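Position 1 is the first residue of the sequence; numbering continues from there. Note that the coordinates shown come from a computational prediction; the quantities given were computed from them, not determined experimentally. Atoms within a ligand are numbered from 1 in the order they appear, just like the ligands themselves.
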Amino acid sequence: MMGLGTYGRKIGTGYDVPEGVDIRGRYDEEFAKILTKDALQFVADLQREFRNHVKYAMECRKEAKKKYNEGAVPGFDPATRYVREGEWVCARVPPAVADRKVEITGPVERKMIINALNSGAKVFMADFEDSLSPSWENLMRGQVNLKDAVDGSISFHDQARNRVYKLNDQTAKLFVRPRGWHLPEAHIFIDGEPATGCLVDFGLYFYHNYAAFRRSQGAGFGPFFYLPKMEHSREAKIWNYVFEKAEKMAGIEKGSIRATVLIETLPAVFQMDEILYELRDHSVGLNCGRWDYIFSYVKTFQAHPDRLLPDRVQVGMTQHFMRSYSDLLIRTCHRRGVHAMGGMAAQIPIRDDPVAHEAALDLVRKDKLREVRAGHDGTWAAHPGLIPSCMEIFNNNMGNAPNQIQTVKREDAASLTEEDLLQRPRGVRTMEGLRLNTRVGIQYVAAWLTGTGSVPLYNLMEDAATAEISRVQNWQWLKYGVELDGDGFGVRVNLDLFGRVVEEEMARIEREVGREKFKKGMYKEACKIFTRQCTTPTLDDFLTLDAYNQIVMHHPKVSAKL
Ligand SMILES: CC(=O)SCCNC(=O)CCNC(=O)[C@H](O)C(C)(C)COP(=O)(O)OP(=O)(O)OC[C@H]1O[C@@H](n2cnc3c(N)ncnc32)[C@H](O)[C@@H]1OP(=O)(O)O
Ligand SMILES: O=CC(=O)O
Ligand SMILES: [Mg+2]
């Protein structure tokens, strides 16, 4: 049918839409089964009820940024001391997700969903965020795939290998990570404005799957979610309202929906109790989203030249500020009766080099051993090949217990101070660090522009969060003309040097990927975007916000610029 476009235009998208909703993405029969009038009505109801809350929260982020840029540093809020000091706990952990020792993550791609659910991990986090390029096709296919996964019918025929993928009898429990609050969905307009991306992801998934999920997966609870990139408890409060509204619409008990919040911004580490408190009826813990956290450290301190980071490879979990963050997260979660999840080691299996493979696996094992000994209840794996090693370490160190919530209280972490959480990481900056940031950043953006949101690069998993570190670090080094003090030459980073580095790294990328792939790919466009973002006088908040304009495809074609 023809929908009445926002600006009075008739738009022949083919979708049957409720009043005020305008679908500008390509029509597809499969997508139409997701974009039903009722499901869109639910998304529109969420959007209308919460859009002003979201706008206000985004304004507050800007205010906070202004203060940090004027010299302030994040810290605990004296006004919410009563929440931090109060004795309260979150709702009881649903039995279905008591044991979360190893969680696999990955984009909502069909084959990967099946592989992840069959991987032997306890949980699969299906991702609309860091590992997904949010094109219309990826998002809508992702929704179709998740619906088929929840109702158990999902299959995939790999024609090249003549292999059919289906679900095993035993599968991981499904968590879904919608996009962050900052990302719009430019293919769905509601009352003349792009919808909020995460409300689309959440709304469509919840609407189509809550009933089947609760029967097949959640033992009466669910669906389960991961919530990314929040900076303040007011943002968690919006999610709590969204959950309550969804539960009411579905006629299910308050507290059915459960979510784990990623603590992956620097301001949020000072809000962990407050975030859990807002979500106390809906919480299943917090997770150390280490990569975005490092990105956020640079972003928060973008105007603080005394807090520059060393090379990206040196900012690991053993740096004091990272260890403090993980320790305080464990203490906070266990005090409130919920899981304290560890994070992602970036190493992935290296198929063609057994020695390098063993070294990578060893790094993953060390990271997981540190996590379980510190008191984490589970961890993330980027690849099915890592699950046996991660599982072995968690099993060996936790025995038969499903988690350590009651047994490892980490009261010692109560003494961690703001200074511990902000302490400048130690290490050096090198030309190789600048080159690697550039090489990785450009290749990641090139992949993202062509629809792939997580890629293996130089034997590591790269996604939006890791690429962000490369971008903001280059920006900061350029802005302050830092000395590359780690390789003995004492070179200062400036536009000339960076220009040469970009040119040389582009040549290297072309050599590495081959001329044909380089020509067909979007490396030049990626280079333009990445270079602009590294050299712009004012730091962009997110790499993907600007790049998003390149992947918006309206049907019929109208200006895609937001
Ligand atoms: C900072 C953060 O937010 S972390 C969380 C977000 N990031 C992620 O989730 C990254 C997840 N991981 C990945 O996307 C992938 O592992 C990559 C891109 C890093 C590497 O992928 P590939 O190059 O395809 O790996 P590889 O070729 O070794 O894959 C082998 C098999 O494992 C599967 N596989 C790899 N990773 C995953 C995964 N995360 N989930 C499910 N299956 C996977 C592949 O589909 C492939 O299956 P097949 O043998 O049936 O064809
Ligand atoms: O989302 C996880 C992260 O590390 O970022
Ligand atoms: Mg993240």
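For ligand 1, the atoms sitting less than 4.0 Å from at least one non-hydrogen atom of V455 are 18 (C), numbered in the order shown with element in parentheses. For ligand 1, the atoms closer than 4.0 angstrom to any heavy atom of A116 are 40 (N), 41 (C). Numbered from 1 in the order shown, with element, the atoms of ligand 2 that lie under 4.0 Å from a heavy atom of D130 read 1 (O), 2 (C), 5 (O). Proximity to R177 (heavy-atom distance under 4.0 Å) selects the following atoms of ligand 2: 1 (O), 2 (C).
Under the 4.0 Å criterion applied to side-chain N and carboxylate O atoms, D327 and R331 are not assigned as salt-bridge partners. A salt bridge is defined here as a Lys NZ or Arg NE, NH1 or NH2 lying under 4.0 Å from an Asp or Glu carboxylate O, and D148 with R110 meets this definition. A salt bridge links R179 with E185: the closest approach of a Lys/Arg side-chain nitrogen to an acidic carboxylate oxygen falls below 4.0 angstrom.
Under a 4.0 angstrom heavy-atom cut-off, R351 registers as being in contact with ligand 1. Residue R161 places a heavy atom under 4.0 Å from ligand 1. Distances from ligand 1 to the non-hydrogen atoms of P384 include at least one value under 4.0 Å. Using a 4.0 Å cutoff on heavy atoms, E264 counts as a contact of ligand 2. Residue contact check for ligand 1: R177 places a non-hydrogen atom closer than 4.0 Å to it.
Checking only distances, W380 never comes within under 3.5 Å of ligand 1, N or O to N or O. For the pair P456 and ligand 1, the shortest N or O to N or O distance does not fall below 3.5 Å. The distance criterion of under 3.5 Å between nitrogen or oxygen atoms is not met by W380 with respect to ligand 2. In terms of polar-atom proximity, defined here as any N/O pair under 3.5 Å, A382 does make such a contact with ligand 1. Inclusion of W291 in the set of residues having an N or O under 3.5 Å from an N or O of ligand 1 is not warranted.
With a 4.0 Å heavy-atom cut-off, ligand 2 is reached by the backbone of D292 and by its side chain too. Under 4.0 Å from ligand 1, the heavy atoms of Y165 that appear belong solely to its side chain.
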| query | What do the steps show when you test F206 against F213 for ring-ring contact (aromatic ring centres under 6.0 Å, His included), and what is the final call? | reply | CA-CA 9 Å; F206 179 84; F213 184 94; 9.9 Å; no
| task | List the steps and the verdict of salt bridge (Lys or Arg N to Asp or Glu O under 4.0 Å) for E462 and R312. | result | CA-CA 13 Å; E462 296 286 344; R312 196 187 117 168; 2.9 Å; yes
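In this structure, a donor-acceptor pair under 3.5 Å is absent between the side chains of R439 and S470. Side-chain contact annotation: S131 with D127, donor-acceptor N/O pair under 3.5 Å present. Between the side chains of E371 and T379, a donor-acceptor pair is found at a separation under 3.5 Å. Checked by atom type, the side-chain pair R323/T318 shows no donor-acceptor distance below 3.5 Å.
Checked against the 6.0 Å centroid threshold, Y325 and Y293 count as a close aromatic pair. Aromatic ring centroids of F124 and F175 lie 6.0 Å or more apart. Residues F243 and W239 place their aromatic rings such that the two centres sit under 6.0 Å apart.
Using a 4.5 Å heavy-atom cutoff, the side chains of H182 and F542 are in contact.
Nearest to atom 40 (N) of ligand 1 by heavy-atom distance, out of N115, I104, L132, I350, is I104. The heavy atom nearest to atom 4 (O) of ligand 2, considering only Y293, W291, F295, is found in W291. With atom 6 (C) of ligand 1 as the reference point, the heavy atom nearest to it among D463, D130, T466, L262 is part of D463.
Listed by chain and number, the protein N, O or S atoms at a distance under 2.8 Å from the Mg ion (ligand 3) are D130 OD2, E264 OE1, D292 OD2.
Residue pairs that meet the salt bridge (charged side-chain N to carboxylate O under 4.0 Å, His left out) test with at least one member in residues 373-395, sequence neighbours left out, do not exist here.
Distance check: W475 CH2 to L543 CG gives 15.0 Å after rounding to the nearest 0.5 Å.
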